[in-house]
Each structure stands twice: as C-alpha cells, then as structure tokens.
K.L.:
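The structure under discussion is supplied below as structure tokens; questions concerning it will follow.
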Amino acid sequence: MLDLRAIRSHPDEFRQGLERKHADPTLIDQLLRVDEAWRNALAEVERLKSVRNKASEAIAKKKRNGEDASADIAQMREVSDRIKMLDDEVRRLDDEVKELLLTIPNIPHASVPDGKDEQDNVPVRYWGDKPAFPFEPRPHWEIAERLDIADFERAAKITGSRFVVYKGLGAKLERALANFMLDFQTSRNGYTEMFPAFIANETSLIGTGNLPKFGDEMFKLEGLPYYLIPTAEVPLTNYHRDEILDASQLPVKYAGYSACFRSEAGSAGKDTRGLIRLHQFQKVELVKLVLPETSYDELERLVEDAASVLEALNLPYRVIEICTGDLGAKETKKYDLEVWMPAQGVYREISSCSNFEDYQARRANLRFRRDETSKPEFVHTLNGSGLAIGRTVAAILENGQQEDGSVRIPDALVPYLGVDVIRPAE
RNA sequence: GGAGUGAUGGCCGAGUAGGUCGAAGGCGCUCGCCUGCUAAGCGAGUAUACGCCCAAAAGGCGUAUCGACGGUUCGAAUCCGUCUCACUCCGCCA
C-alpha cells in the first residue's frame, strides 16, 4: 500500500501516478475524504478519553478517601456511552481508510515508459540466435505427445482441463530443471534456497497484494482462510513479515521452488493447448528484500539473474520493459523475459521481474534498521521468476526439436537429465 | 480428533479481592565515571503506533497497546466470552 502521509502532503503526485497507470485518480480524493473524517472523529474521541481518564483517577482518589463518588460515576456514564459510539465510528472510518489503501495500486517509477497496454511495451534487448529449421517446427504439445513425456488427456481425466501429467523423461526433465535452476541461483547468483509451504493464509496474501483485490485468481480451500499459493513470492516475501531486520542482513535473497496454482479465471479460450497456461505449474522464484536506495539496481541484477538461466540453457529470449498501462497493480517497474517459441513464431513470457518498492513492505510490515539508534524503515521488495519450469520445458522442446521428432537437450542440463537427446520410442 | 497448561516490553520475569501499571526486578544495549587493559563496579538512559500543536526539524500535548477480537465497568494486564498460537499427554497417521 501507499504511504498515507505522503498522499496527504502531496496528493497531486499520486493522482498523476494513477493516471499514468490508467487507474482511477479519484481514489485519492475518496481516500483523503475518509481520512479527514477519521482524523476528526479520532481527535474528538481522544479528547473524551482524556476527560474520562482524569475523572477515573479522581473517582479512585475519592473512593480511597472514603468519599462518595456516585455523582461523578453517573456523569461519566454518559461520557462513556458517547465514547463507545464514537469508537465505533472511528473504527468504521479507519477500516474504510485501510480498505481503500489496500485497494489503491502502486505508482509507476519515473523511468517507466508511458503506454496504454501491452502493445506499448518496449523491447530493450535480444539474446541468442533463433534456431533455423529445415522443416516445419511443431508445437511443443505435439512433440511431447509423440515422445510420450506429457499426458494432457489423462490429466484431464484425473483432474480436469489445464492440467498435465509429466511422464518418463518428461517427469525427469521437470525435476532436472528444478534442480538445475536452484543450483544455478544458489551457487552462481548467491540466493538462499527455500522450500515453502504451498498453502498460505489471508494475512500473507494481503501482505503480497494478492488480496483483497485478486482473490478470484486463486484457489481457496473450502471453509478455511487458506489459499493455494499462486507463486512462491507469497511465502518468500512473507517469510520476514512483522520483523525488523538489521541493515547488515540486506539484501536478503531467496530462491524458492514451488508449485503455483492459478484459477485462470477470465482466460477461457487462451492458450488452451500445451504447457503455457495451466492451473498448476512449477516455478523457481527469486525474492529480494533490499535497501530502498538500491532497489532499482537490484531490479537490473534480478533481470540478469533470471536471464542467465536462459543463456545457460541456450534459449533465445528478449527483455521487454513493461509500460505504465500494462504494469500490475503492485509494481512500480517491471521487465518481462520472453523466450522464443518457434512453432508459434512468437516470444512468450517466461519470467517477470518487478520492483514493488515499499508497497508490499508496508502491507507485510517488513522493516529494517540502519543502526541501533535509527528508526525502522520499510525495505523494498522485488521478485522475479527464475524461471517458470513448464514454459521452460515447452521452450526446450520447441527450440531443440529435430526433424525425426527427437529433442536435443541443452548441454548444461545433460548432467541433470542423464541424456543429451530425448528420442521417440521405437 | 480428545484432555490439559500457557501467551506481559529486545530477552528473562513480577504483577488475580479491577483504580496513580506503559507496567517492579534482572539481563542485554547506549552514554558517562572509574580502572594499566579486560572483567567487575558506579550513575543516567533505553518500546511502538497514531492524532494534534509547530513552516519543518527539535520539542510539546494527547490517545492506544500486557497474544487477537468482543463484552462487563466511571475505570481492565487483572473479571467474562470467542478465536489464534505454543507446549504437554492420549489417539491417528507419512
């Protein structure tokens, strides 16, 4: 959430920020209106409580001296009733302020290119040579079915559409990629490996910004205040919730492997085939908690950390900078990594790296202290996929495919998979 | 799932016939003194959030906070209810 005091002192900056994001700038005015009402009610109730506290003290004194205090008590009864009413009012207004604050999106960073939607995103660099095929490249789902390494039909039988069962070398490829990515990010890029729970509570989801607004993108456990995590970002970012870290601990860098569950509400008809858009996929997620003044440098480094996996796997990709209109609600700045998918002839998102500044840190109360005497400040949080495994499988299958239906495995992965080519059964 | 115990400040730990308790005491930490150095000793200080005053900082005033929420009361760390978490025992499991 945004800083309420900052909004009070220069609301125009926030209105403009929301406009850049094509969000509703009048949210700021709504907020300020309720905030003022809240502060007025608060001042009044605190004044009455002050009266009450003094009177209570006087009553205590009288009683100790054996004097009669019944008149004072009767008088205070009225004050107390009024306090009770005002307290309800204050609570109601305070809830309203908090709810609005939780709903208002983050403001884009000054460096983010203006734009309306994804059409206006800006490619910033390209890496790798797209493979040239002397034949018509097949889509990955066809390759996978032919190699008998992924089974969508039976997954639909077991669960439903948008699920997959990996089989044989497909299952091992999934496992090999997870191991490879975790090893890579821990040993090469200095992340601490984490293995979180796949279920998180509502407080955690509010902390990362998935609730209250985006509950319908997740699977909720029936009758419980628990959700299946849509990404390991949720448990990893909440790991230090309500803590005050020492500045010397920063940056905190976590790499967590998890399954990710997405309801994909509203995406009917999109990417209905293959591994691109499933209700469950696995991912290695990178999360950083950093000093505020370093967060944009850390974002650039995060992009490199994610991109270096693609380079190690020799998968062609590009980096695009997301424009203001296409930014998610929580982000101040975001880069997507898009991997080349030869069969469709398009780049597909395989990683998304974002800076949230203190938007999540405020929600999750993630703070640090510069030294023993200084006041706690909010950290900046960042995260990026490093990478989405299902889409990496798809990219490896499509980019490594050969005319005979076999698939060449990237060299870096061979020690993990045990073979350098996946061939169709005879 | 059943039975029980507990939750107080950075940590430990007092505080139940409700009233000068934001909370004794100790440890830790900070500053000063003392000391050849260290240790010990002595003195002072040491929570957070929010609102108001102030151009701002400094500072001042006020309110709230003893797991959370709600209730009783003029007044709650202390009484009542609900919940959460932790621990112990039993059962059940990987």
Side-chain angles (χ1 to χ4, degrees), chain A residues 1-13 31-102 195 197-207 211-212 221-227 235 238-249 259 358 361-379:
Chain A
M1 62 184 146
L2 300 172
D3 181 357
L4 178 57
R5 286 185 182 168
I7 295 175
R8 279 178 199 151
S9 53
H10 35 91
D12 278 338
E13 286 179 28
L31 177 71
L32 289 176
R33 222 171 13 247
V34 182
D35 176 54
E36 203 190 335
W38 170 70
R39 282 188 290 166
N40 288 339
L42 185 65
E44 174 65 5
V45 78
E46 286 189 349
R47 190 185 62 78
L48 288 175
K49 281 179 179 175
S50 177
V51 167
R52 181 182 69 183
N53 286 346
K54 289 200 178 74
S56 289
E57 225 170 276
I59 289 169
K61 200 169 288 172
K62 279 194 177 180
K63 285 206 162 182
R64 256 199 312 279
N65 298 338
E67 298 170 37
D68 176 43
S70 52
D72 305 71
I73 290 175
Q75 199 185 341
M76 274 308 106
R77 199 165 288 154
E78 280 174 42
V79 174
S80 215
D81 284 347
R82 178 139 173 74
I83 287 175
K84 210 162 282 179
M85 277 172 53
L86 266 171
D87 257 341
D88 286 344
E89 177 74 357
V90 167
R91 194 174 316 140
R92 191 184 62 73
L93 289 165
D94 188 39
D95 286 349
E96 206 173 323
V97 167
K98 288 201 174 113
E99 198 180 309
L100 269 167
L101 268 179
L102 286 177
F195 187 69
F198 294 177
I199 295 174
N201 61 32
E202 283 175 338
T203 310
S204 294
L205 289 155
I206 289 169
L211 289 177
L221 269 60
E222 191 175 351
L224 294 169
Y226 293 161
Y227 291 77
N238 278 281
Y239 185 72
H240 292 292
R241 189 175 71 227
D242 292 324
E243 292 182 23
I244 301 176
L245 302 168
D246 196 284
S248 64
Q249 292 172 260
D358 63 6
R362 272 176 204 287
R363 292 169 163 253
N365 195 24
L366 287 165
R367 295 180 295 168
F368 76 99
R369 230 189 269 276
R370 292 190 188 266
D371 57 61
E372 274 161 1
T373 55
S374 56
K375 282 196 160 265
E377 299 171 50
F378 291 109
V379 300

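Small disclaimer: the values here were computed from a predicted structure and weren't measured.
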K.L.:
Tell me the closest heavy-atom pair linking A/Ala197 and A/Pro235, and the distance in Å.
P.N.:
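That closest heavy-atom pairing would be O-CG, 4.0 Å.
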K.L.:
Using the P atom on both, measure B/A3 against B/G91 and round to a whole Å.
P.N.:
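These two P atoms come out 15 Å apart once rounded.
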K.L.:
Pick the P atom in B/C74 and in B/U82, then give their distance to the nearest Å.
P.N.:
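B/C74 and B/U82 have their P atoms separated by 24 Å.
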K.L.:
Any side-chain heavy atom of A/Asn365 sitting closer than 4.5 Å to one from A/Phe378?
P.N.:
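SC-SC contact between A/Asn365 and A/Phe378 confirmed.
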K.L.:
Watson-Crick or G-U wobble partner for B/G32, using a 3.5 Å limit on both distances?
P.N.:
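Looking at the geometry, B/G32 pairs with B/C42.
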K.L.:
Can you tell me, in whole Å, how much space there is between the P of B/U38 and that of B/U30?
P.N.:
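Their P atoms lie roughly 14 Å apart.
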K.L.:
With a 3.5 Å limit on both atom pairs, tell me what B/G75 is paired to, counting Watson-Crick and G-U wobble, or say none.
P.N.:
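None - no nucleotide pairs with B/G75, as no candidate has both distances under 3.5 Å.
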K.L.:
Pairing donors with acceptors under 3.5 angstrom, does anything connect the side chains of A/Ser80 and A/Lys84?
P.N.:
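Their side chains do not contain a donor-acceptor pair, so the 3.5 Å distance test is not met.
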K.L.:
If you take all heavy atoms of A/Gly207 and A/Asn238, which pair is closest and at what distance?
P.N.:
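Shortest heavy-atom contact: CA-OD1, 4.1 Å.
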K.L.:
Between A/Arg91 and A/Met76, which is nearer to the 5' end of RNA chain B once each is assigned its nearest nucleotide?
P.N.:
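Looking at RNA chain B, the more 5' nearest nucleotide goes with A/Arg91.
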K.L.:
In whole Å, measure the gap between the C1' atoms of B/U16 and B/A77 for me.
P.N.:
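Nearest-Å result for B/U16 against B/A77 at atom C1': 10 Å.
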K.L.:
How far does the C1' atom of B/U73 sit from the matching atom of B/A56, given to the nearest Å?
P.N.:
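One C1' to the other, the span is 44 Å.
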K.L.:
Grab the two heavy atoms, one from A/Ile83 and one from A/Val45, that are nearest each other, plus how far apart they are.
P.N.:
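Looking at all heavy atoms of both residues, the closest pair is O-CG2, 4.0 Å.
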K.L.:
Which is the 5'-most and which the 3'-most nucleotide of RNA chain B that has an atom under 4.0 Å from a heavy atom of chain A?
P.N.:
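Both ends considered, the range comes out as B/G19 to B/G75.
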K.L.:
Roughly how many Å apart are B/G19 and B/C33, using the C1' atom of each and rounding to a whole number?
P.N.:
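The answer is 41 Å between these two C1' atoms.
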K.L.:
Which base sits across from B/U16 as a Watson-Crick or G-U pair, both distances under 3.5 Å?
P.N.:
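Result: none.
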K.L.:
Is any side-chain heavy atom of A/Arg241 closer than 4.5 Å to a side-chain heavy atom of A/Thr203?
P.N.:
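Yes, at least one pair of side-chain atoms sits under 4.5 Å.
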K.L.:
Nearest heavy-atom pair of A/Val379 and A/Phe368: which atoms, and what distance?
P.N.:
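For A/Val379 and A/Phe368, the tightest heavy-atom pair comes out as CG1-CD2, 3.6 Å.
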K.L.:
State whether the side chain of A/Ser56 and the backbone N or O of A/Arg52 hold a donor-acceptor pair below 3.5 Å, judged by distance alone.
P.N.:
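Yes, the answer is positive, given that a donor and an acceptor are paired below the 3.5 Å cut-off.
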K.L.:
For the C1' atoms, the ones on B/U78 and on B/C34, what distance do you get once it is rounded to whole angstrom?
P.N.:
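To the nearest whole Å, 44 Å.
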K.L.:
Across the strands shown, which category fits A/Lys84 at heavy-atom distances under 4.0 angstrom: base, sugar-phosphate, nothing?
P.N.:
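Sugar-phosphate, no base atom in range.
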K.L.:
Provide the Watson-Crick or G-U wobble partner of B/C27, both distances under 3.5 Å; none if there is no partner.
P.N.:
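Looking at the geometry, B/C27 pairs with B/G10.
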K.L.:
Should B/C93 form a Watson-Crick or G-U wobble pair with both distances under 3.5 Å, which nucleotide is its partner?
P.N.:
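Partner of B/C93: none found under 3.5 Å.
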K.L.:
Going by purine N1 to pyrimidine N3 plus the second Watson-Crick contact, or the G-U wobble pair, all under 3.5 Å, which nucleotide sits opposite B/A3?
P.N.:
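Matched B/A3 with B/U88 under the 3.5 Å cut-off.
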K.L.:
Counting only Watson-Crick pairs (N1-N3 plus N6-O4 or O6-N4) and G-U wobbles (N1-O2, O6-N3), all under 3.5 Å, who is the partner of B/C52?
P.N.:
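With both distances under 3.5 Å, B/C52 matches B/G60.
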K.L.:
Which nucleotide, in any strand shown, forms a Watson-Crick or G-U wobble pair with B/A47, with both distances under 3.5 Å?
P.N.:
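Partner of B/A47: B/U65.
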K.L.:
What is the nucleic acid contact for A/Leu42, judged by heavy atoms within less than 4.0 Å: base, sugar-phosphate only, or nothing?
P.N.:
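Contact class for A/Leu42: sugar-phosphate only.
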K.L.:
Just checking A/Arg52: base, sugar-phosphate only, or nothing, at a heavy-atom cut-off of under 4.0 Å?
P.N.:
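Result for A/Arg52 = sugar-phosphate.
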K.L.:
For A/Val51 and for A/Lys61, locate the closest nucleotide of RNA chain B by heavy-atom distance; then report the residue assigned to the nucleotide nearer the 5' terminus.
P.N.:
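Upstream on the strand: A/Lys61.
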K.L.:
Distance check, C1' atoms only: B/A68 and B/U8, in whole angstrom units.
P.N.:
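Each nucleotide's C1' atom is 15 Å from the other's.
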